[in-house]
Asks: 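One structure is given below, represented as C-alpha cells, and several questions about it will come after.
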Amino acid sequence: MTDMNHSDALQNPVLIVNCGSSSIKYALIGADATHRIEGLAENLGTPDARIKHKSATGDKSEISIPDADHTQALQSVLEQLGDVTPVAVGHRVVHGGDVFGEATKVTLGTLAEVKNLSALAPLHNPANLAGIEAVTSIYPDLPQVMVFDTAFHQTMPEVAYRYAIPKNLYTDHAIRRYGFHGTSHAFVSNRASKLSTSAGNRDDKKGWLTAHLGNGCSVTAVYDGNSMDSSMGLTPLEGLMMGTRSGDVDPGLHGHLHRTLDMDLSEIDTMLNKKSGLLGVSTVTNDMRTIEEMASDASHEHHADAKLALEMFCYRAGRYLASLSCALPEMTGIVFTGGIGENSSTVRAKIVGVMRQFGLKIDEAKNEVLIRGEEGSFHSDDSRYELWVIPTDEEYRICEETRAVLDL
Ligand code: AMP
C-alpha cells in the first residue's frame with residue numbers, strides 16, 4: 001500500500017491516549033479502523049525518556065526525549081504524526097467510580113468529578129488527568145472523551161458489588177466493588193458473541209466468562225453484553241493472582257503483619273501490589289514466559305518455586321472462573337485474552353483442567369497454534385462450552401466509544 005493510501009485510510013483519525021505515571025501509550029486510528037499509527041513514550045521524567053514509535057507503514061523508530069514530562073512527550077508524539085491531525089482524543093481513565101457508567105466528554109464539570117475520584121485510584125487517575133491536561137494545553141479546542149475502565153462494570157447488580165461491611169461505608173464513602181479492565185472485557189465478549197457458533201448462530205443472549213490475563217489479571221461474567229460480576233473490586237488488587245499483585249488474601253493479613261512484623265500500611269500496600277503474585281511466589285520474576293521456562297526445567301535453581309507459581313496462578317484463575325459462572329443465567333463459553341491468555345497454551349490448558357466439573361474439552365492442536373495475536377476457538381466438538389482466544393484491542397474500543405460520544 002502506498003503512503004497516499006495510508007493517509008486516506010487515516011481519514012478523521014482519533015488519537016487514543018493511555019497515560020501511566022511515567023508512560024503514555026498512544027494510537028492514532030482512522031475512520032476505517034484497520035490502519036493505525038501507534039507507540040509508547042516511556043521513562044518520562046527521567047534522562048532515559050524515549051518514544052518507541054510505529055508508523056502507518058509499520059516502520060519502527062526510537063526517539064530520545066531526555067527528562068520530558070507528559071506534555072513535552074505528547075508534543076513530540078504529535079510531531080511524529082506529521083501532517084495527520086486528530087479530530088478528537090479518547091483517553092483511558094481508570095476509575096470512574098459510580099459517577100460514570102459510560103464514556104463521557106471532557107468538560108470542566110466532568111474533569112472536576114474525575115479529580116474527586118482520585119482518592120479511589122491514587123496511582124492511576126492523576127496520571128490519566130495529566131494526559132488530558134497535556135492535550136488541552138496543546139489543542140485547547142479539540143474535543144476529548146474519557147473512557148473509564150470501571151464503566152462497563154456499572155451494570156453489576158448490588159449483590160455482586162457490595163462488600164459485607166457496614167452500610168455507611170458504601171453510602172457515605174463509596175466503598176464498593178467496581179471492577180476494572182472494562183474496555184478489554186467489553187471488547188472480547190462482544191467479539192466472542194459475534195464469532196460464536198454453538199447456538200446455531202442464534203443472535204440472542206450469550207453468557208461469557210472473560211479472562212484478561214496479563215501483568216494485571218481479572219475475570220468477568222458477561223451476559224447479554226452486560227457485566228454481571230468481576231474479580232477486581234474497590235481497587236485492581238482484588239481477585240486473581242497477577243504479575244506482582246497478590247489478588248485475594250485474608251483481610252486479616254494487614255492487622256497480623258502490623259502486629260507481628262511491625263509493618264505499616266504503606267509497606268503492606270507496596271508488598272501486596274509490587275512484590276507479590278508470580279514475582280512473590282517464584283521469588284525471581286513476574287514474567288510468565290520465564291516462569292514457564294523455569295517450571296519445565298527440573299535442573300533450574302528456581303524450578304520448584306516457578307512450578308508452584310504457575311500452578312497457583314492457574315488454580316486460582318480456574319477457581320475464580322468457576323465461581324463467577326454463578327453470575328450467568330446461562331453460559332456459552334470462556335474467552336482468554338491479555339499477554340498470557342493470548343499466548344500461553346500451557347496456562348489455558350491448565351486453567352481448563354482446573355475446572356473439572358464443567359465438561360470442557362480442548363482441541364489440543366487448535367490450542368497450540370493460538371499465539372501471537374491469533375484469534376480462534378480451541379474447544380473440541382464434544383465440549384460442553386466454547387473456548388476462545390480473542391486478542392484484546394482496548395485502543396479500538398476506546399476509539400469506538402469516543403466516536404459514539406462525539407457522534408463522529
Ligand atoms: P500484558 O500485561 O497483557 O502485556 O501481558 C504480559 C504477560 O504476558 C507477561 O507475564 C508475559 O510473560 C506474558 N506473555 C507474553 N507472551 C507469552 C508467551 N508466549 N507465553 C507465556 N506468557 C507470555
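Each ligand, and each atom within it, is numbered from 1 in the order the structure gives. In this text, all values refer to a predicted model and were calculated from it rather than measured experimentally.
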Asks: Would you please classify the geometry between the Phe336 ring and the Phe378 ring as parallel, tilted or perpendicular, with 30° and 60° separating the classes?
Replies: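 Tilted, since the angle between the ring planes falls between 30° and 60°.
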Asks: Does an N or O anywhere in Met288 fall below 3.5 Å from an N or O of ligand 1?
Replies: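 There is such a contact, yes.
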Asks: Tell me the contacting part of Asn286 for ligand 1: side chain, backbone, both, or neither, using a 4.0 Å heavy-atom threshold, strictly below.
Replies: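 Just the backbone.
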Asks: Can you pull out the closest protein heavy atom to atom 19 (N) of ligand 1? Residue, atom name and distance to 0.1 Å, please.
Replies: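 Heavy-atom neighbour on the protein nearest atom 19 (N) of ligand 1: Asn343 CB, 3.4 Å.
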Asks: Taking Gly338's backbone N and O only, do any of them form a donor-acceptor pair with His212's side chain (distance below 3.5 Å, no angle check)?
Replies: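 No, His212 side chain to Gly338 backbone: no donor-acceptor pair under 3.5 Å.
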Asks: Can you tell me which residue and heavy atom of the protein come closest to atom 7 (C) of ligand 1, and the distance to 0.1 Å?
Replies: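 Checked against all protein heavy atoms, atom 7 (C) of ligand 1 sits closest to Ile340 CG1, 3.8 Å.
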Asks: Starting from atom 15 (C) of ligand 1, what is the nearest protein heavy atom, named by residue and atom, and what distance separates them?
Replies: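 The answer is Gly339 O, 3.6 Å.
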Asks: Are Arg356 and Phe358 in a cation-pi setup, meaning NZ or CZ lies under 6.0 angstrom from the ring centre and within 45 degrees of the ring axis?
Replies: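 Judged by the rule (NZ or CZ under 6.0 Å from the ring centre, within 45° of its axis), Arg356 is not positioned above Phe358.
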Asks: May I ask you to check if Arg176 and Tyr163 form a cation-pi contact, with NZ or CZ under 6.0 angstrom from the six-membered ring centre and within 45° of the axis?
Replies: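 The answer is no, since Arg176 fails at least one limit relative to Tyr163.
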Asks: Is the Lys NZ or Arg CZ of Arg177 less than 6.0 Å from the centre of Tyr161's six-membered ring, within 45° of the axis?
Replies: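 No, Arg177 does not sit over the ring of Tyr161.
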Asks: For the 3.5 Å polar cut-off, considering only N or O atoms, please tell me whether His212 and ligand 1 meet it.
Replies: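 No: no nitrogen or oxygen of His212 is under 3.5 Å from one in ligand 1.
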Asks: List ligand 1 atoms under 4.0 Å from Gly214, heavy atoms only on the residue side.
Replies: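 Once the distances to Gly214 are compared, the set is 1 (P), 2 (O), 3 (O), 5 (O).
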Asks: Does ligand 1 come near enough to Ser344 that some N or O of the ligand is less than 3.5 Å from an N or O of the residue?
Replies: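 Ser344 vs ligand 1: no N/O contact under 3.5 Å.
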Asks: Holding to side chain to side chain donor-acceptor pair (under 3.5 Å), I want the full list of residues that pass it with Asn128, two or more places apart in sequence or in another chain.
Replies: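 Result, side chain to side chain donor-acceptor pair (under 3.5 Å) vs Asn128: none returned.
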Asks: For ligand 1, which is the ligand I care about here, please tell me if Arg289 has any N or O atom under 3.5 Å from one of the ligand's N or O atoms.
Replies: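 Checking ligand 1 against Arg289, an N or O pair does fall under 3.5 Å apart.
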Asks: Taking C-beta and beyond as the side chain, do Arg92 and Val94 meet within less than 4.5 Å on heavy atoms?
Replies: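 Arg92 reaches Val94 side chain to side chain.
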Asks: At what distance is the nearest protein heavy atom to atom 2 (O) of ligand 1, and which residue and atom is it?
Replies: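 That would be Asn215 N, 2.8 Å.
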Asks: On a heavy-atom basis, I'd like to know which of Glu394, Glu292, Glu293 is closest to atom 21 (C) of ligand 1.
Replies: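 Result: the heavy atom closest to atom 21 (C) of ligand 1 is in Glu292.
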Asks: Identify the closest protein heavy atom to atom 12 (O) of ligand 1: which residue and atom is it, and at what distance?
Replies: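 Its nearest protein heavy-atom neighbour is Asp287 OD1, 2.8 Å.
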Asks: Just jot down the side-chain contact (heavy atoms from CB on, under 4.5 Å) partners of Val405, sequence neighbours excluded, or say none.
Replies: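 Per chain and number, Val405 pairs via side-chain contact (heavy atoms from CB on, under 4.5 Å) with Ala103, Lys105, Val145.
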